[in-house]
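To start, the structure itself, in structure tokens.
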Amino acid sequence: MLRTDSVSMRFGGLTAVADFNVQIEKNEIVGLIGPNGAGKTTAFNTITGVYKPTEGKIFFKGKDVTGAKPHHITEMGIARTFQNIRLFKDMNVLENVLVATHLRMDVGVFASTFHLPGYLRKEKQAREFAMELLESVGLTNQTEESAISLPYGKQRRLEIVRALATKPSLLLLDEPAAGMNPQETLELMDFIVGIRDRFDLTILLIEHHMQVVMGVCSRMYVLDYGITIAHGNPSEIQANPKVIEAYLGVD
Amino acid sequence: MNKKNLIRSAIALVVGILVIGLGDAFLGSFAVRILNLSAIYIILALSLNLLVGFTGLFSLGHAGFMAVGAYVSALLTMTPAQKTMNFFLTPIVPWLANIQVPFILALLIAGLCAAFVGLLIGAPALRLRDDYLAIATLGFAEIIRVLITNAQPLTNGAQGLKAIPKYSTTWVVWGFAALTAAFLVMLLRSSYGRTIKAVRDDEIAAEAMGVNVFRVKVTSFVISSFWAGVGGALLGHMITTIDPKMFNLILTFNILLIVVLGGNGSITGSILGAIIVTVMMEALRFLDMPMNLIFFKTNGLPGLRMVIFSLMLMVVVLYRQRGLMGNKEFSWDMVANLRAVIGLKPRNKGGR
């Protein structure tokens with residue numbers, strides 16, 4: 001599904017990510033973990049086209065997508081959420097999701113402005129799809145509310161749902177459990193596995209919350225100072241001395 | 001919107017049309033001119049608000065697009081005789097000398113020409129952000145003005161154009177103001193309109209949701225230029241003389257003032273702002289005249305009008321930072337709440 005081929009990202013003298021190699025198969029849930037500043041979000045940004053990698057290639061579904069623009073990447077089927085939630089602040093909950101449906105609607109500015117019949121049909125479908133998505137996270141009663149007035153946990157879920165509205169095949173989640181209480185975290189884990197099955201997704205997630213990573217990921221990569229120090233299934237990672245060293249330090 | 005509010009809106013529309021109609025029939029020519037100028041400023045403010053308020057692009061090039069529209073429409077509607085009269089220093093280019101098209105067609109072409117210029121300017125300038133974009137568009141608008149001043153055989157240069165056919169009647173300008181407002185409401189309520197607002201709220205998130213941010217910005221810029229061109233053309237057909245000097249930065253600032261005063265990102269705010277500013281600019285004119293204040297007489301202080309006007313602006317900026325309407329649109333619930341605040345009526349607790 002996704003393969004990166006020795007991707008490196010340097011900012012001036014700083015190497016944020018070095019020789020990053022991941023391979024993700026269809027319908028896997030893969031974790032990307034590491035201490036603060038390890039380069040996890042930078043890795044995400046190179047995959048989603050926010051940065052063009054200094055070296056290396058990125059392949060999605062066998063196609064070279066290195067250096068493509070973010071909106072092209074999304075069009076090809078990679079959607080993402082953000083570590084610091086980025087909802088559209090002056091729009092309500094439903095509109096936030098509807099923005100993301102525009103990509104697959106295929107209507108131009110004229111058709112939509114003049115509300116031509118073809119547009120109206122697509123708009124209706126988009127609204128139904130958006131409501132369906134909002135229902136899956138229990139936000140149907142708050143569609144008219146301002147997106148940023150929602151409680152934190154709901155904002156996170158709204159952001160995931162908004163990403164899903166672009167009909168992705170690969171979903172990148174940047175710390176989905178950040179700031180959530182234990183109860184919300186448990187719900188989130190079920191939710192992640194649920195959407196994987198329901199929307200036939202492949203998921204790559206960054207997470208600090210070990211409970212989440214160990215609970216839902218079949219495999220994981222561990223980054224430290226931009227270098228991939230380990231990769232394997234949860235029990236292998238937990239036993240890996242390098243990982244323990246990176247997280248806890250050594251005497 | 002419930003039935004009661006629908007009826008209220010219908011009544012408001014009829015009253016609005018009646019006021020305009022009665023004004024057109026019974027007011028003096030000076031007052032009618034202010035009435036019509038309000039409508040033109042509505043068009044201009046709305047088109048600028050699409051950029052500044054809805055797409056989040058700070059542009060200072062509006063006067064340039066107005067100039068393009070005004071010149072194109074004027075040159076296309078003047079009779080060959082009028083053109084010869086105007087171009088007495090340098091003869092007009094032959095291909096333009098005998099062209100004369102109906103007013104509505106000329107207006108459409110004027111808008112399209114302005115939109116095309118908008119595309120030419122927008123494509124490079126929109127790679128910039130914030131104040132850099134403002135400076136770039138300001139520069140381009142000046143370039144347009146200088147080009148018009150120097151393209152003597154095409155535009156009659158600094159002499160400007162006189163005796164432009166007076167097509168901008170009350171019904172025409174208010175009709176176009178209504179058309180502009182309707183167009184913007186339809187656009188912004190559509191799927192494309194949502195992507196425009198998404199770009200304003202968060203470019204990075206919009207991109208990640210598959211919105212082609214650059215294309216949305218250019219589209220918005222082009223649409224804004226189109227209506228600026230139409231507004232400029234209508235202005236030319238109202239005052240019947242145009243010259244390059246009138247399309248300077250001050251004009252852009254006046255429109256920007258309306259947008260900010262009315263509320264960034266509010267269509268009804270721009271409409272309200274345009275009417276208030278246009279009427280106030282004229283209503284305060286007495287301040288410039290000599291005044292008899294019983295105790296003493298002033299000899300007339302030219303510019304006092306602008307001082308008072310600036311003071312009023314400051315009050316608005318101090319007490320309503322986001323403009324009169326903020327980024328909200330007018331609704332009847334708002335009136336009900338306002339009445340409750342004043343104490344006329346218990347506060348409306350029920351939602352929409």
Side-chain angles (χ1 to χ4, degrees), chain A residues 44-45 48-50 69-82 84-92 94-116 119-120 122-123 126-127 144 147-148 159 162-168 172 174, chain B residues 50 53-56 115 119 127 179-224 226-227 263-266 322 325-329 331 333 351-352:
Chain A
F44 260 36
N45 284 341
T48 53
V50 176
K69 289 256 180 296
H71 63 91
H72 276 142
I73 300 270
T74 310
E75 203 180 336
M76 284 185 268
I78 303 181
R80 71 172 292 183
T81 65
F82 296 90
N84 46 343
I85 304 175
R86 284 178 175 272
L87 290 169
F88 302 121
K89 60 181 189 314
D90 282 340
M91 298 168 95
N92 67 30
L94 179 62
E95 284 174 322
N96 260 276
V97 181
L98 285 173
V99 167
T101 61
H102 182 77
L103 171 68
R104 307 285 176 213
M105 275 170 80
D106 191 33
V107 288
V109 59
F110 279 98
S112 47
T113 304
F114 296 110
H115 291 59
L116 301 181
Y119 162 76
L120 287 176
K122 285 173 181 167
E123 168 84 8
R127 276 178 189 271
E144 298 289 321
I148 51 165
E159 224 200 0
R162 188 181 65 173
L164 288 176
T166 65
K167 298 190 176 162
L172 307 184
D174 199 344
Chain B
L50 173 64
F54 290 104
T55 325
L119 180 67
R127 299 192 183 274
L179 196 67
T180 315
F183 179 91
L184 282 192
V185 169
M186 298 269 277
L187 169 67
L188 292 164
R189 279 190 181 173
S190 76
S191 182
Y192 205 90
R194 284 192 293 265
T195 65
I196 289 178
K197 287 187 264 184
V199 167
R200 169 195 65 189
D201 281 357
D202 193 325
E203 272 184 39
I204 293 172
E207 242 180 352
M209 295 307 119
V211 175
N212 188 339
V213 170
F214 182 66
R215 187 190 288 172
V216 166
K217 282 182 178 176
V218 172
T219 308
S220 175
F221 200 79
V222 168
I223 293 173
S224 170
F226 176 86
W227 289 110
N264 232 348
S266 168
R322 302 197 65 180
M325 302 290 288
N327 60 353
K328 307 256 181 333
E329 294 299 343
S331 70
D333 295 337
R352 264 175 282 177

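So you know, we letter chains A, B, ... as the sequences are listed, proteins then strands, and number each from 1. Hydrogens, waters and symmetry mates play no part in the numbers below; they use all other heavy atoms, side chains included.
- Of the atoms belonging to A:Met105, it is side-chain heavy atoms, and not backbone ones, that fall under 4.5 Å from chain B.
- Under the 4.5 Å side-chain criterion, counting only non-hydrogen atoms from C-beta, A:Arg162 is not in contact with A:Val99.
- One distance of note links CG of A:Leu94 with CZ of B:Arg194; it measures 7.5 Å at 0.5 Å rounding.
- To the nearest 0.5 Å, atom CG of residue B:Asn264 and atom CZ of residue B:Phe54 are 8.5 Å apart.
- Taking A:Val109, A:Thr101, A:Thr166 one by one and counting their heavy-atom pairs under 4.5 Å with chain B, the maximum is reached by A:Val109.
- The NZ atom of A:Lys167 sits 13.5 Å away from the CD atom of A:Glu75 when rounded to the nearest 0.5 Å.
- Under the side-chain contact (heavy atoms from CB on, under 4.5 Å) rule, B:Arg215 has a single partner from B:Val213, B:Val211, B:Thr219, which is B:Thr219.
- Distance check, rounded to the nearest 0.5 Å: NZ of B:Lys197 to CG of A:Asp90 gives 9.5 Å.
- Contacts between A:Glu95 and chain B at a heavy-atom distance below 4.5 Å involve backbone atoms as well as side-chain atoms.
- Separation of atoms CG (A:Asn84) and CG (A:Asp174) is listed at 8.0 Å; rounding is to 0.5 Å.
- Residues of residues 200-208 of chain B lying under 4.5 angstrom from chain A, judged on non-hydrogen atoms, are B:Arg200, B:Asp201, B:Asp202, B:Ile204, B:Ala205, B:Ala206, B:Glu207, B:Ala208 in numerical order.
- The side-chain heavy atoms of A:Phe44 and A:Thr81, taken from C-beta on, include no pair separated by under 4.5 Å.
- For B:Ser191, the parts sitting under 4.5 Å from any heavy atom of chain A are the backbone and the side chain alike.
- With a 4.5 angstrom heavy-atom cutoff, A:Thr48 does not touch chain B via any of its atoms.
- Top candidate by heavy-atom pairs under 4.5 Å with chain A, chosen from B:Val185, B:Leu184, B:Thr195, B:Leu187, is B:Leu187.
- Considering only heavy atoms from C-beta on, A:Leu103 stays 4.5 Å or farther from B:Met209 through its side chain.
- Heavy atoms closer than 4.5 Å to chain B are found nowhere in A:Phe110, neither backbone nor side chain.
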